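Down below is the structure, laid out as structure tokens.
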Number of protein chains: 2
Amino acid sequence: MTVLIADDEERDRLWLKDLLTKNLPEHVPIQEVCDGQQAVDTAGRLKPDLVFLDIKMPHLSGIKAAEQILQKLPGTGVIILSNFSDEVYVRNLWKIVPADGAFGYVLKNASNEQVVEAARAVLSGDCWIHPGIARVIQRTQNRATSLTSAEYEALICIALGLTDSSIARRLYLTEKAVQSRLKSLYSKLAIPGRGEGQDTEFNQRCRAVFLSYRRGLINQSELEEWEGKLFETKTGGEK
Amino acid sequence: MTVLIADDEERDRLWLKDLLTKNLPEHVPIQEVCDGQQAVDTAGRLKPDLVFLDIKMPHLSGIKAAEQILQKLPGTGVIILSNFSDEVYVRNLWKIVPADGAFGYVLKNASNEQVVEAARAVLSGDCWIHPGIARVIQRTQNRATSLTSAEYEALICIALGLTDSSIARRLYLTEKAVQSRLKSLYSKLAIPGRGEGQDTEFNQRCRAVFLSYRRGLINQSELEEWEGKLFETKTGGEK
DNA sequence: GGTTTTTCTGGGGGAAACCCTAGAGGACGC
DNA sequence: GCGTCCTCTAGGGTTTCCCCCAGAAAAACC
């Protein structure tokens, strides 16, 4: 039995390693790496039973690393470590986790007991989801509040500060289509329009960005990734 | 000689305490508290030589706690611990630190050596600023790029998603005044307007929010505080 | 196959956001 | 005292965003 820890923060690695050696039944060998790509490579070689993946890592995020690892070794137990209950990640998570796989999601402010509990659960084939994030998961599965990928794309674009027409060009849509996406986005985020409410309190566009930041639907690192994608296609050949 | 540590994360407290006991010359008593208010209270009783303050703490932020502590005990050495190089905080910091005071600013991803170095420096009356934020400090002191408080207020409001007229009402200004603030904000953030550039790429309002998040001019917790302030004054007596 | 949901399309209208210019008052340093 | 900078104010114009309506195409569901 082997355990792999992937985290770019040395402090967190030490803490986790220490915790596991003290609390796991037998003396298990624990490997450490400090980015997502190394995690994938090392997992391929070691075929560990359990992998801890920090979400925020250089080169390859924890989610993407998990995707690749689970693709090659579906039986691996994966535990995602996250600082926040970001909805973006939860969103992507369900897509890559096999239905019968064992995995865990723990926030970094979890108590030591919780982490050990999660490790035990995943090792014995169960799932362990941090209590604080159950609500978030619920939301991602509710038809009325969860965003479709069309709405999500639009959200990213306005968060980056693009205009409607600019978005339309980048996503190969008409301006009307963009506005239509935004309209349903606003309604799902429950932002009052011009008609509702006594007088217009909010600029829906900015309000949507604000609320999405707060709910963890978007975050800085996710946005920067998209920024790269959206601008590279255009910087090449433009009149 | 006494040292006080204020941090809401138990893990970080342990790490820091451990680090200090091992590396400070003599056996110094180290007190721990877990929020800003406690830090102020305890500092008043203990009169410590050195105080570590995490920025993000419940009840009272590290900055505000530092302000109160330095007011009562100007000779105290203060070291701010921060996760990010947020410009918001740096902005406020210079206002409260006495010109001849000793203080430090270290990011949480600092190496153990750096933290010890900072502690030693501050204890001997020097300042220690994390290398990574020197650039940020520069920016806050450059006339051309640093924001005035009027521009900053406007920034907060659009980041919260308010409309021009709504901002005007809350800040007791005309709508034109708000737009004037925004105009100079956009130019300081170097966001191209409708005239510049081949075609209008950006919605300036949202773009300003995006860039400000990225530069750490604003952040979630800061915004939520303002949200509270801005809405309480209006929820009372509105037609 | 058919039914639902999602998404894109169109026209037309109103309000908010942004542009330009310009002047007046206040705060600051010197 | 002077100049400088910041800020608010104003009028008048353009563009973008958001609203209503509705219908058609595409995808997903049973």
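Just so you know, these numbers use all the heavy atoms, side chains as well, and skip hydrogens, waters and symmetry mates. Please read these numbers as outputs of a predicted model, since none were measured by experiment. Below, chain A is the first sequence line, B the second, and so on; all start at residue 1.
Protein atom CD of Glu151(A) is 15 Å distant from nucleotide atom P of dT5(C), rounded to whole Å. The nearest whole Å value for the distance from the CZ atom in Arg205(A) to the P atom in dC19(D) is 12 Å. Taking atom CZ on Arg207(B) and atom P on dC18(C), their separation rounds to 14 Å, with Å as the unit. Summarising the geometry, the separation between CG on Leu182(A) and P on dC20(D) is reported as 15 Å, rounded to the nearest angstrom. If you take CZ of Phe202(A) and C1' of dC18(D), they are 16 Å apart, rounded to a whole angstrom. dT7(D) atom P lies 11 Å from atom CG of Leu185(B), rounded to whole Å. The interatomic distance linking Tyr186(A) (OH) with dC17(D) (C1') rounds to 8 Å, in whole Å. Look at CD1 on Ile158(A): it is 8 Å from P on dC18(D), rounded to the nearest Å.
Counted by atom type alone, Asn219(B) and Glu222(B) present zero donor-acceptor pairs between their side chains at under 3.5 Å.
A pairwise comparison of heavy atoms in Val122(B) and Phe103(B) identifies CG2-C, 3.6 Å as the closest pair. For the pair Glu175(B) and Ser165(B), the tightest heavy-atom approach, listed with the atom from each and the gap, is OE1-CB, 3.7 Å.
Look at Lys56(B) and Asp7(B) and you find no salt bridge, because none of the NZ, NE, NH1 or NH2 atoms lies under 4.0 Å from a carboxylate O. Comment: Glu201(A) does not engage Arg207(A) in a salt bridge, judged by the lack of any side-chain N to carboxylate O separation of less than 4.0 angstrom. Ion pairing between a basic and an acidic side chain is recognised when a charged N comes within 4.0 Å of a carboxylate O; Arg170(B) and Glu153(B) show no such pairing. A salt bridge does not link Arg120(B) to Asp126(B): none of the charged nitrogens lies less than 4.0 Å from a carboxylate oxygen.
Between Arg181(B) and dT7(D), a side-chain N or O to OP1/OP2 separation shorter than 4.0 Å is absent. Close to dA16(C), at under 4.0 Å from its OP1 or OP2, lies no side-chain N or O of Ser165(B). Taking side-chain N and O atoms only, Asn203(B) has a distance below 4.0 Å to OP1 or OP2 of dC17(D).
Ring geometry for Tyr152(A) against Trp226(A) counts as perpendicular: the plane angle is over 60°, on a 0 to 90° scale with 30° as the lower cut.
Base pairing in DNA chain C yields stems of at least 3 consecutive Watson-Crick or G-U pairs, both distances under 3.5 Å, namely C:3-13 with D:18-28, C:15-30 with D:1-16.
For Gln204(A), the listed nucleotide lying nearest its side chain is dC19(D); candidates were dC19(D), dC18(C), dT7(D).
Residue Ser184(B) is out of contact with every strand shown, counting any heavy-atom pair closer than 4.0 Å.
Under the side-chain hydrogen bond (donor to acceptor under 3.5 Å, both in side chains) criterion, Asp41(A) pairs with Gln37(A), not counting sequence neighbours.
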Letter by letter from the 5' end, nucleotides 9-15 of chain C scores (B base, S sugar-phosphate only, - none; protein heavy atoms under 4.0 Å) BBBB--S
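Mapping Thr148(B) and Thr163(A) onto DNA chain D by nearest heavy atom places Thr148(B) at the nucleotide closer to the 5' end.
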